[in-house]
There are 2 protein chains.
Amino acid sequence: MSEAKPKPRKTRIQQRNSETIIEAALDVFSKHGFRGATLDQIANAAGLSKPNLLYYFSSKEAIHAELLEGLMDTWLDPLRALDANGDPKEQLLGYMRRKLEMSRDLPRESRLFANEVLQGAPRIGAGLGGDLKALVDEKAAIIADWSRSGRIAQVDPYHLIFSIWALTQHYADFDAQVRAVLGGEDPFPGAEAFLDTLYTKLLIP
Amino acid sequence: MSEAKPKPRKTRIQQRNSETIIEAALDVFSKHGFRGATLDQIANAAGLSKPNLLYYFSSKEAIHAELLEGLMDTWLDPLRALDANGDPKEQLLGYMRRKLEMSRDLPRESRLFANEVLQGAPRIGAGLGGDLKALVDEKAAIIADWSRSGRIAQVDPYHLIFSIWALTQHYADFDAQVRAVLGGEDPFPGAEAFLDTLYTKLLIP
DNA sequence: AAAGTGTTTGACCAATCGGTCAAAGTCACG
DNA sequence: CGTGACTTTGACCGATTGGTCAAACACTTT
(Lines give C-alpha, C1' and ligand atoms only; values in the text may rest on other atoms or scores of the structure.)
Protein backbone atom coordinates (compact mmCIF):
# COMPACT_ATOMS: atom_id res chain seq x y z
CA MET A 1 0.00 0.00 0.00
CA SER A 2 1.82 3.07 -1.22
CA GLU A 3 -0.28 6.03 -0.28
CA ALA A 4 1.91 8.76 -1.67
CA LYS A 5 -0.05 11.82 -0.75
CA PRO A 6 2.08 14.72 -1.94
CA LYS A 7 2.69 16.44 1.35
CA PRO A 8 3.85 19.92 0.47
CA ARG A 9 7.33 20.26 1.98
CA LYS A 10 7.28 23.93 2.54
CA THR A 11 9.77 25.99 4.37
CA ARG A 12 13.18 25.46 5.92
CA ILE A 13 11.71 26.13 9.35
CA GLN A 14 9.06 23.48 8.89
CA GLN A 15 11.69 20.95 7.92
CA ARG A 16 13.93 21.76 10.85
CA ASN A 17 11.20 21.87 13.50
CA SER A 18 9.52 18.70 12.31
CA GLU A 19 12.82 16.87 12.66
CA THR A 20 13.47 18.40 16.06
CA ILE A 21 10.05 17.29 17.25
CA ILE A 22 10.46 13.75 15.94
CA GLU A 23 13.84 13.49 17.60
CA ALA A 24 12.50 14.76 20.92
CA ALA A 25 9.47 12.50 20.65
CA LEU A 26 11.69 9.48 20.10
CA ASP A 27 13.48 10.32 23.30
CA VAL A 28 10.34 10.74 25.34
CA PHE A 29 8.17 7.97 23.86
CA SER A 30 10.96 5.40 24.11
CA LYS A 31 11.56 6.29 27.73
CA HIS A 32 7.97 6.46 28.98
CA GLY A 33 5.80 4.69 26.43
CA PHE A 34 2.94 6.31 24.54
CA ARG A 35 0.63 6.81 27.48
CA GLY A 36 3.46 7.78 29.80
CA ALA A 37 4.76 10.49 27.51
CA THR A 38 3.20 13.95 27.61
CA LEU A 39 3.10 16.69 25.03
CA ASP A 40 4.70 19.02 27.53
CA GLN A 41 7.66 16.67 27.90
CA ILE A 42 8.11 16.44 24.15
CA ALA A 43 7.67 20.16 23.66
CA ASN A 44 10.17 20.87 26.40
CA ALA A 45 12.69 18.40 24.97
CA ALA A 46 12.28 19.99 21.56
CA GLY A 47 12.62 23.51 22.93
CA LEU A 48 9.19 24.51 21.65
CA SER A 49 5.90 25.48 23.20
CA LYS A 50 3.09 22.96 23.34
CA PRO A 51 0.80 24.84 20.95
CA ASN A 52 3.74 25.13 18.60
CA LEU A 53 4.09 21.35 18.60
CA LEU A 54 0.50 21.05 17.57
CA TYR A 55 1.07 23.48 14.75
CA TYR A 56 3.34 20.88 13.15
CA PHE A 57 1.54 17.71 14.20
CA SER A 58 -2.18 17.53 14.62
CA SER A 59 -2.09 15.35 17.74
CA LYS A 60 0.02 13.26 20.08
CA GLU A 61 -1.00 10.17 18.14
CA ALA A 62 0.10 11.78 14.88
CA ILE A 63 3.62 12.28 16.23
CA HIS A 64 3.73 8.70 17.45
CA ALA A 65 2.40 7.35 14.17
CA GLU A 66 4.94 9.26 12.09
CA LEU A 67 7.72 8.02 14.35
CA LEU A 68 6.72 4.38 14.01
CA GLU A 69 6.17 4.59 10.30
CA GLY A 70 9.50 6.23 9.68
CA LEU A 71 11.25 3.68 11.86
CA MET A 72 9.69 0.51 10.48
CA ASP A 73 11.89 0.62 7.40
CA THR A 74 15.09 1.18 9.36
CA TRP A 75 14.12 -1.62 11.64
CA LEU A 76 13.58 -4.18 8.92
CA ASP A 77 16.54 -3.18 6.75
CA PRO A 78 18.93 -5.74 8.25
CA LEU A 79 16.54 -8.56 7.42
CA ARG A 80 15.96 -7.21 3.92
CA ALA A 81 19.69 -7.39 3.35
CA LEU A 82 19.69 -11.16 3.91
CA ASP A 83 20.87 -12.41 0.55
CA ALA A 84 19.67 -15.73 -0.86
CA ASN A 85 22.79 -15.92 -3.00
CA GLY A 86 25.28 -15.33 -0.22
CA ASP A 87 26.96 -17.83 2.05
CA PRO A 88 24.24 -19.06 4.43
CA LYS A 89 26.19 -19.01 7.65
CA GLU A 90 27.78 -15.68 6.82
CA GLN A 91 24.42 -14.19 5.88
CA LEU A 92 22.78 -15.26 9.11
CA LEU A 93 25.70 -14.25 11.32
CA GLY A 94 25.82 -10.95 9.48
CA TYR A 95 22.13 -10.40 10.10
CA MET A 96 22.59 -11.15 13.78
CA ARG A 97 25.53 -8.75 14.02
CA ARG A 98 23.67 -5.95 12.27
CA LYS A 99 20.76 -6.38 14.65
CA LEU A 100 23.11 -6.34 17.63
CA GLU A 101 24.70 -3.16 16.34
CA MET A 102 21.28 -1.59 16.08
CA SER A 103 20.58 -2.47 19.70
CA ARG A 104 23.80 -0.74 20.65
CA ASP A 105 23.46 2.29 18.39
CA LEU A 106 19.68 2.76 18.30
CA PRO A 107 18.41 1.62 21.69
CA ARG A 108 15.65 4.22 21.73
CA GLU A 109 14.20 2.90 18.52
CA SER A 110 14.31 -0.62 19.91
CA ARG A 111 12.48 0.42 23.06
CA LEU A 112 9.90 2.34 21.09
CA PHE A 113 8.98 -0.81 19.19
CA ALA A 114 9.18 -2.92 22.32
CA ASN A 115 6.74 -0.63 24.09
CA GLU A 116 4.35 -0.82 21.18
CA VAL A 117 4.46 -4.58 20.77
CA LEU A 118 4.29 -5.18 24.52
CA GLN A 119 0.92 -3.45 24.67
CA GLY A 120 -0.35 -5.64 21.88
CA ALA A 121 0.72 -3.41 18.99
CA PRO A 122 -2.54 -1.40 19.09
CA ARG A 123 -1.16 1.21 16.69
CA ILE A 124 0.84 -0.91 14.24
CA GLY A 125 -1.02 -4.17 14.34
CA ALA A 126 -1.65 -3.94 10.62
CA GLY A 127 2.02 -3.38 9.88
CA LEU A 128 2.94 -6.56 11.71
CA GLY A 129 0.49 -8.78 9.93
CA GLY A 130 1.24 -7.14 6.60
CA ASP A 131 4.70 -5.94 5.57
CA LEU A 132 6.51 -7.63 8.43
CA LYS A 133 4.89 -11.02 7.95
CA ALA A 134 5.48 -10.88 4.21
CA LEU A 135 9.16 -10.09 4.65
CA VAL A 136 9.66 -12.78 7.28
CA ASP A 137 7.86 -15.34 5.15
CA GLU A 138 10.11 -14.52 2.24
CA LYS A 139 13.34 -14.78 4.23
CA ALA A 140 12.17 -17.84 6.13
CA ALA A 141 11.70 -19.57 2.79
CA ILE A 142 15.30 -18.81 1.89
CA ILE A 143 16.55 -20.20 5.19
CA ALA A 144 14.37 -23.26 4.78
CA ASP A 145 16.02 -23.84 1.41
CA TRP A 146 19.46 -23.62 2.95
CA SER A 147 18.37 -26.13 5.56
CA ARG A 148 16.85 -28.49 3.01
CA SER A 149 19.95 -28.47 0.83
CA GLY A 150 22.13 -29.24 3.83
CA ARG A 151 24.14 -26.03 3.72
CA ILE A 152 23.11 -25.28 7.31
CA ALA A 153 21.66 -27.48 10.02
CA GLN A 154 17.96 -28.24 10.06
CA VAL A 155 16.30 -25.50 12.05
CA ASP A 156 12.87 -23.94 12.13
CA PRO A 157 13.49 -20.73 10.16
CA TYR A 158 10.79 -18.74 11.96
CA HIS A 159 12.07 -19.52 15.42
CA LEU A 160 15.60 -18.87 14.19
CA ILE A 161 14.55 -15.37 13.20
CA PHE A 162 12.65 -14.90 16.46
CA SER A 163 15.76 -15.94 18.35
CA ILE A 164 17.86 -13.31 16.61
CA TRP A 165 15.28 -10.67 17.42
CA ALA A 166 15.01 -11.75 21.02
CA LEU A 167 18.72 -12.08 21.70
CA THR A 168 19.83 -8.85 20.09
CA GLN A 169 16.98 -6.58 21.18
CA HIS A 170 17.25 -7.89 24.71
CA TYR A 171 20.43 -5.84 25.16
CA ALA A 172 18.59 -2.64 24.31
CA ASP A 173 15.18 -3.32 25.80
CA PHE A 174 16.36 -4.85 29.06
CA ASP A 175 19.43 -2.66 29.32
CA ALA A 176 18.61 -1.73 32.92
CA GLN A 177 18.56 -5.37 33.97
CA VAL A 178 21.64 -6.38 32.00
CA ARG A 179 23.69 -3.53 33.39
CA ALA A 180 22.46 -4.14 36.93
CA VAL A 181 23.70 -7.72 36.72
CA LEU A 182 26.98 -6.93 34.97
CA GLY A 183 27.65 -4.00 37.26
CA GLY A 184 28.18 -1.33 34.65
CA GLU A 185 30.41 -3.35 32.36
CA ASP A 186 29.73 -2.84 28.64
CA PRO A 187 27.60 -5.85 27.62
CA PHE A 188 28.17 -5.69 23.89
CA PRO A 189 31.64 -7.14 23.38
CA GLY A 190 30.68 -10.20 25.45
CA ALA A 191 27.31 -10.41 23.75
CA GLU A 192 28.79 -10.46 20.28
CA ALA A 193 31.28 -13.18 21.16
CA PHE A 194 28.57 -15.27 22.82
CA LEU A 195 26.11 -14.91 19.95
CA ASP A 196 28.82 -15.69 17.42
CA THR A 197 29.56 -18.96 19.17
CA LEU A 198 25.89 -19.75 19.65
CA TYR A 199 24.88 -19.39 16.03
CA THR A 200 28.06 -20.89 14.65
CA LYS A 201 27.40 -24.05 16.60
CA LEU A 202 23.70 -24.08 15.81
CA LEU A 203 24.11 -23.75 12.08
CA ILE A 204 26.72 -26.48 11.60
CA PRO A 205 24.88 -29.18 9.63
CA MET B 1 -1.74 -2.03 75.59
CA SER B 2 -2.10 -5.20 77.57
CA GLU B 3 -2.71 -7.49 74.62
CA ALA B 4 0.17 -8.09 72.25
CA LYS B 5 -1.66 -8.65 69.02
CA PRO B 6 0.00 -8.96 65.61
CA LYS B 7 -0.85 -5.72 63.87
CA PRO B 8 -1.95 -6.87 60.38
CA ARG B 9 -5.03 -8.87 61.29
CA LYS B 10 -6.82 -9.78 58.13
CA THR B 11 -10.46 -10.59 57.88
CA ARG B 12 -11.91 -12.93 55.28
CA ILE B 13 -13.21 -10.00 53.29
CA GLN B 14 -9.87 -8.26 53.41
CA GLN B 15 -8.15 -11.40 52.22
CA ARG B 16 -10.55 -11.95 49.37
CA ASN B 17 -10.69 -8.36 48.16
CA SER B 18 -6.93 -7.86 48.36
CA GLU B 19 -6.46 -10.87 46.15
CA THR B 20 -9.15 -9.74 43.74
CA ILE B 21 -7.49 -6.34 43.45
CA ILE B 22 -4.02 -7.79 42.91
CA GLU B 23 -5.39 -10.09 40.24
CA ALA B 24 -7.19 -7.25 38.48
CA ALA B 25 -4.15 -5.01 38.78
CA LEU B 26 -1.96 -7.66 37.19
CA ASP B 27 -4.33 -7.72 34.26
CA VAL B 28 -4.40 -3.98 33.82
CA PHE B 29 -0.77 -3.12 34.62
CA SER B 30 0.58 -5.83 32.35
CA LYS B 31 -1.61 -4.66 29.52
CA HIS B 32 -1.07 -0.91 29.77
CA GLY B 33 2.04 -0.36 31.90
CA PHE B 34 2.09 1.59 35.15
CA ARG B 35 1.41 5.00 33.70
CA GLY B 36 -1.11 3.66 31.21
CA ALA B 37 -3.17 1.90 33.84
CA THR B 38 -5.80 3.83 35.76
CA LEU B 39 -7.36 3.18 39.13
CA ASP B 40 -10.76 3.20 37.48
CA GLN B 41 -9.70 0.41 35.15
CA ILE B 42 -8.39 -1.68 38.02
CA ALA B 43 -11.42 -0.98 40.17
CA ASN B 44 -13.72 -1.88 37.31
CA ALA B 45 -11.83 -5.09 36.58
CA ALA B 46 -12.00 -6.01 40.25
CA GLY B 47 -15.70 -5.20 40.50
CA LEU B 48 -15.12 -2.59 43.18
CA SER B 49 -15.47 1.17 43.44
CA LYS B 50 -12.38 3.34 43.23
CA PRO B 51 -12.55 4.58 46.82
CA ASN B 52 -12.97 0.98 47.89
CA LEU B 53 -9.70 0.11 46.14
CA LEU B 54 -7.97 2.81 48.14
CA TYR B 55 -9.39 1.40 51.33
CA TYR B 56 -7.26 -1.70 50.74
CA PHE B 57 -4.22 -0.09 49.13
CA SER B 58 -3.04 3.36 50.01
CA SER B 59 -2.17 4.33 46.46
CA LYS B 60 -1.72 3.22 42.87
CA GLU B 61 1.99 2.83 43.52
CA ALA B 62 1.29 0.64 46.55
CA ILE B 63 -0.68 -1.82 44.41
CA HIS B 64 2.07 -1.89 41.82
CA ALA B 65 4.78 -2.34 44.43
CA GLU B 66 2.97 -5.24 46.10
CA LEU B 67 2.48 -6.89 42.73
CA LEU B 68 6.15 -6.66 41.81
CA GLU B 69 7.35 -7.76 45.21
CA GLY B 70 5.07 -10.77 45.26
CA LEU B 71 6.12 -11.70 41.76
CA MET B 72 9.87 -11.35 42.08
CA ASP B 73 10.12 -14.63 43.98
CA THR B 74 8.01 -16.56 41.50
CA TRP B 75 10.04 -15.10 38.71
CA LEU B 76 13.40 -16.14 40.08
CA ASP B 77 12.37 -19.58 41.32
CA PRO B 78 13.41 -21.42 38.15
CA LEU B 79 16.92 -20.03 38.44
CA ARG B 80 17.08 -20.85 42.15
CA ALA B 81 16.31 -24.43 41.29
CA LEU B 82 19.48 -24.73 39.21
CA ASP B 83 21.38 -27.40 41.10
CA ALA B 84 25.17 -27.40 41.23
CA ASN B 85 25.12 -31.14 41.90
CA GLY B 86 22.90 -32.09 38.99
CA ASP B 87 23.87 -32.94 35.44
CA PRO B 88 24.96 -29.66 33.84
CA LYS B 89 23.24 -30.01 30.50
CA GLU B 90 20.08 -31.31 32.10
CA GLN B 91 20.07 -28.52 34.65
CA LEU B 92 20.44 -25.81 32.04
CA LEU B 93 17.92 -27.32 29.65
CA GLY B 94 15.56 -27.75 32.57
CA TYR B 95 15.97 -24.11 33.52
CA MET B 96 15.26 -23.05 29.97
CA ARG B 97 12.15 -25.22 29.82
CA ARG B 98 10.81 -23.91 33.11
CA LYS B 99 11.28 -20.35 31.92
CA LEU B 100 9.51 -21.15 28.66
CA GLU B 101 6.63 -22.69 30.56
CA MET B 102 6.34 -19.53 32.60
CA SER B 103 6.11 -17.47 29.43
CA ARG B 104 3.29 -19.68 28.29
CA ASP B 105 1.44 -19.92 31.60
CA LEU B 106 2.20 -16.53 33.14
CA PRO B 107 2.46 -14.09 30.24
CA ARG B 108 0.97 -11.23 32.24
CA GLU B 109 3.66 -11.51 34.86
CA SER B 110 6.30 -11.52 32.15
CA ARG B 111 4.89 -8.38 30.59
CA LEU B 112 4.62 -6.66 33.93
CA PHE B 113 8.35 -7.12 34.47
CA ALA B 114 9.12 -6.24 30.88
CA ASN B 115 7.22 -2.97 31.22
CA GLU B 116 9.08 -2.13 34.38
CA VAL B 117 12.55 -2.94 33.06
CA LEU B 118 11.86 -1.23 29.73
CA GLN B 119 11.32 2.07 31.48
CA GLY B 120 14.59 1.67 33.31
CA ALA B 121 13.23 -0.21 36.34
CA PRO B 122 12.42 3.00 38.22
CA ARG B 123 10.47 1.10 40.87
CA ILE B 124 12.56 -2.02 41.34
CA GLY B 125 16.01 -0.76 40.52
CA ALA B 126 17.22 -1.82 43.94
CA GLY B 127 15.86 -5.33 43.53
CA LEU B 128 17.81 -5.78 40.32
CA GLY B 129 21.14 -4.67 41.70
CA GLY B 130 20.55 -6.59 44.93
CA ASP B 131 18.80 -9.96 45.11
CA LEU B 132 18.80 -10.55 41.37
CA LYS B 133 22.46 -9.77 40.86
CA ALA B 134 23.43 -11.90 43.87
CA LEU B 135 21.46 -14.87 42.57
CA VAL B 136 22.81 -14.55 39.06
CA ASP B 137 26.37 -14.22 40.34
CA GLU B 138 25.93 -17.39 42.38
CA LYS B 139 24.53 -19.43 39.51
CA ALA B 140 26.96 -17.99 37.00
CA ALA B 141 29.78 -19.25 39.21
CA ILE B 142 28.31 -22.75 39.08
CA ILE B 143 28.05 -22.61 35.29
CA ALA B 144 31.59 -21.27 35.05
CA ASP B 145 32.74 -24.27 37.07
CA TRP B 146 30.98 -26.65 34.71
CA SER B 147 32.67 -24.88 31.83
CA ARG B 148 36.08 -24.96 33.46
CA SER B 149 35.88 -28.66 34.25
CA GLY B 150 34.90 -29.41 30.66
CA ARG B 151 31.47 -30.81 31.47
CA ILE B 152 29.90 -28.26 29.13
CA ALA B 153 31.38 -26.09 26.40
CA GLN B 154 33.16 -22.87 27.29
CA VAL B 155 30.54 -20.17 27.35
CA ASP B 156 30.16 -16.85 29.12
CA PRO B 157 27.76 -17.81 31.93
CA TYR B 158 26.20 -14.35 32.19
CA HIS B 159 25.34 -14.12 28.53
CA LEU B 160 24.11 -17.70 28.66
CA ILE B 161 21.64 -16.70 31.34
CA PHE B 162 20.70 -13.55 29.45
CA SER B 163 20.04 -15.63 26.37
CA ILE B 164 17.65 -17.89 28.26
CA TRP B 165 15.80 -14.87 29.58
CA ALA B 166 15.63 -13.22 26.18
CA LEU B 167 14.58 -16.28 24.23
CA THR B 168 11.90 -17.50 26.61
CA GLN B 169 10.38 -14.19 27.63
CA HIS B 170 10.27 -13.09 24.01
CA TYR B 171 7.34 -15.42 23.46
CA ALA B 172 5.34 -13.70 26.18
CA ASP B 173 6.48 -10.11 25.78
CA PHE B 174 6.35 -9.98 21.98
CA ASP B 175 3.39 -12.29 21.69
CA ALA B 176 1.59 -9.88 19.36
CA GLN B 177 4.49 -9.90 16.91
CA VAL B 178 5.13 -13.64 17.10
CA ARG B 179 1.50 -14.47 16.47
CA ALA B 180 1.22 -11.94 13.68
CA VAL B 181 4.09 -13.64 11.88
CA LEU B 182 3.00 -17.19 12.59
CA GLY B 183 -0.58 -16.39 11.73
CA GLY B 184 -2.23 -17.65 14.87
CA GLU B 185 -0.35 -20.92 15.16
CA ASP B 186 0.66 -21.82 18.73
CA PRO B 187 4.33 -20.80 18.97
CA PHE B 188 5.27 -22.88 21.99
CA PRO B 189 5.70 -26.38 20.61
CA GLY B 190 8.01 -25.08 17.90
CA ALA B 191 9.80 -22.83 20.34
CA GLU B 192 10.57 -25.66 22.74
CA ALA B 193 11.95 -27.86 19.98
CA PHE B 194 14.07 -25.04 18.62
CA LEU B 195 15.47 -24.03 22.00
CA ASP B 196 16.20 -27.64 22.86
CA THR B 197 18.30 -28.01 19.74
CA LEU B 198 19.95 -24.64 20.23
CA TYR B 199 21.15 -25.25 23.78
CA THR B 200 22.00 -28.89 23.21
CA LYS B 201 24.37 -27.89 20.43
CA LEU B 202 25.76 -24.93 22.33
CA LEU B 203 26.60 -26.87 25.46
CA ILE B 204 28.41 -29.76 23.81
CA PRO B 205 32.05 -29.37 24.90
C1' DA C 1 7.04 50.02 3.63
C1' DA C 2 3.04 47.42 3.15
C1' DA C 3 0.86 43.23 2.55
C1' DG C 4 0.48 38.47 2.83
C1' DT C 5 2.00 34.21 4.47
C1' DG C 6 4.02 31.42 7.78
C1' DT C 7 5.17 30.93 12.84
C1' DT C 8 4.75 31.39 17.90
C1' DT C 9 2.48 32.01 22.16
C1' DG C 10 -0.46 33.05 26.47
C1' DA C 11 -4.79 32.17 27.97
C1' DC C 12 -8.04 28.98 28.16
C1' DC C 13 -11.00 24.55 28.11
C1' DA C 14 -13.19 19.96 28.93
C1' DA C 15 -11.87 15.58 30.31
C1' DT C 16 -9.41 12.61 33.12
C1' DC C 17 -6.37 11.56 36.69
C1' DG C 18 -5.11 9.95 41.66
C1' DG C 19 -6.83 10.68 45.89
C1' DT C 20 -9.98 12.48 50.08
C1' DC C 21 -13.87 12.49 53.13
C1' DA C 22 -17.95 12.11 55.69
C1' DA C 23 -21.72 9.40 55.86
C1' DA C 24 -24.10 5.27 55.21
C1' DG C 25 -24.22 0.33 55.17
C1' DT C 26 -22.68 -4.29 56.90
C1' DC C 27 -20.62 -7.63 59.79
C1' DA C 28 -18.94 -10.06 64.05
C1' DC C 29 -19.78 -10.91 68.63
C1' DG C 30 -20.98 -10.37 73.67
C1' DC D 1 -30.48 -7.08 70.43
C1' DG D 2 -26.94 -3.75 70.65
C1' DT D 3 -22.50 -2.00 69.90
C1' DG D 4 -18.33 -1.15 67.92
C1' DA D 5 -15.35 -2.29 64.25
C1' DC D 6 -15.09 -3.11 59.45
C1' DT D 7 -16.59 -2.03 54.66
C1' DT D 8 -18.59 0.64 50.83
C1' DT D 9 -19.86 4.65 48.33
C1' DG D 10 -21.28 9.29 46.17
C1' DA D 11 -19.71 13.65 46.05
C1' DC D 12 -15.94 16.17 45.61
C1' DC D 13 -10.97 18.22 44.91
C1' DG D 14 -6.68 19.93 42.92
C1' DA D 15 -3.48 18.69 39.41
C1' DT D 16 -2.47 17.24 34.93
C1' DT D 17 -3.68 16.03 30.37
C1' DG D 18 -4.45 16.70 25.20
C1' DG D 19 -6.06 20.16 22.56
C1' DT D 20 -8.08 25.03 20.89
C1' DC D 21 -7.99 29.82 19.60
C1' DA D 22 -7.28 34.48 18.67
C1' DA D 23 -3.82 37.55 18.74
C1' DA D 24 0.92 38.67 18.23
C1' DC D 25 5.14 38.03 15.88
C1' DA D 26 8.41 37.17 11.96
C1' DC D 27 9.82 36.49 7.41
C1' DT D 28 9.27 37.20 2.16
C1' DT D 29 7.76 39.33 -1.61
C1' DT D 30 6.28 43.21 -4.05
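The model shown is predicted, which means the values in this text are computed figures rather than measured ones. In what follows, chains carry the letters A, B, and so on, assigned in the order in which the sequence lines appear, proteins first and then strands, with residues in each chain numbered from 1.
Nearer the 5' end of DNA chain D, as judged by each residue's closest nucleotide, is the contact made by A/Q41, out of A/Q41 and A/S58.
The shortest distance between the side-chain N/O atoms of B/Q14 and the OP1/OP2 oxygens of D/dT7 is below 4.0 Å. For A/Y56 and C/dT8, the shortest distance from a side-chain N or O to OP1 or OP2 is below 4.0 Å. Between B/Y55 and D/dT8, a side-chain N or O to OP1/OP2 separation shorter than 4.0 Å is absent. For the pair B/N52 and D/dT7, the criterion of a side-chain N or O lying under 4.0 Å from OP1 or OP2 is not met. Within the structure, every side-chain polar atom (N or O) of B/N17 is placed at least 4.0 Å from both OP1 and OP2 of D/dC6. Note on B/R35: a side-chain N or O is less than 4.0 Å away from OP1 or OP2 of D/dT17. Checking the phosphate oxygens (OP1, OP2) of D/dC6, no side-chain nitrogen or oxygen of B/R16 falls inside 4.0 Å.
Salt bridge status for B/R97 with B/D196: present, with a side-chain N to carboxylate O gap under 4.0 Å.
Annotation: B/K89, atom NZ; neighbour count of heavy atoms from other residues, nucleotides and ligands within 6.0 Å does not exceed 12. Atom NZ of B/K31 has 12 or fewer neighbouring heavy atoms from other residues, nucleotides or ligands inside a 6.0 Å radius.
The nucleotide whose nearest atom lies closest to any side-chain atom of A/D40 is, among D/dT17, C/dG19, D/dT9, D/dT17. Side-chain atoms of B/P51 lie closest to D/dA11 of the nucleotides D/dA11, D/dC21, D/dT28. Distances from the side chain of A/K50 to the nucleotides C/dG10, D/dG19, D/dA11 place D/dG19 closest. Considering only the side chain of B/I13, D/dT8 comes nearest among D/dG10, D/dT8, D/dG18.
Residue B/L54 is in base contact, counting any heavy-atom pair closer than 4.0 Å across all strands shown. Backbone-only contact: A/A37 has heavy atoms under 4.0 Å from sugar-phosphate atoms and none from a base.
The separation between A/Q15 atom CD and C/dT7 atom P is 12 Å, rounded to whole Å. One atom, CG of B/L39, and another, C1' of D/dT16, lie 15 Å apart when rounded to the nearest Å. Atom-to-atom, CG of A/L48 to P of C/dG10 comes out at 13 Å; the value is rounded to the nearest Å. Between the C1' atom of D/dT16 and the NE2 atom of A/H32 lies a distance of 15 Å, rounded to the nearest Å. Across the protein-nucleic acid pair, B/L53 atom CG and D/dG10 atom C1' stand 15 Å apart, rounded to whole Å. The distance from atom CZ of B/F57 to atom P of D/dT7 is 13 Å, rounded to the nearest whole Å.
A cation-pi contact, defined as under 6.0 Å to the ring centre and within 45° of the axis, links A/R123 to A/F34.
Side-chain contact annotation: A/N17 with A/Y55, donor-acceptor N/O pair under 3.5 Å absent.
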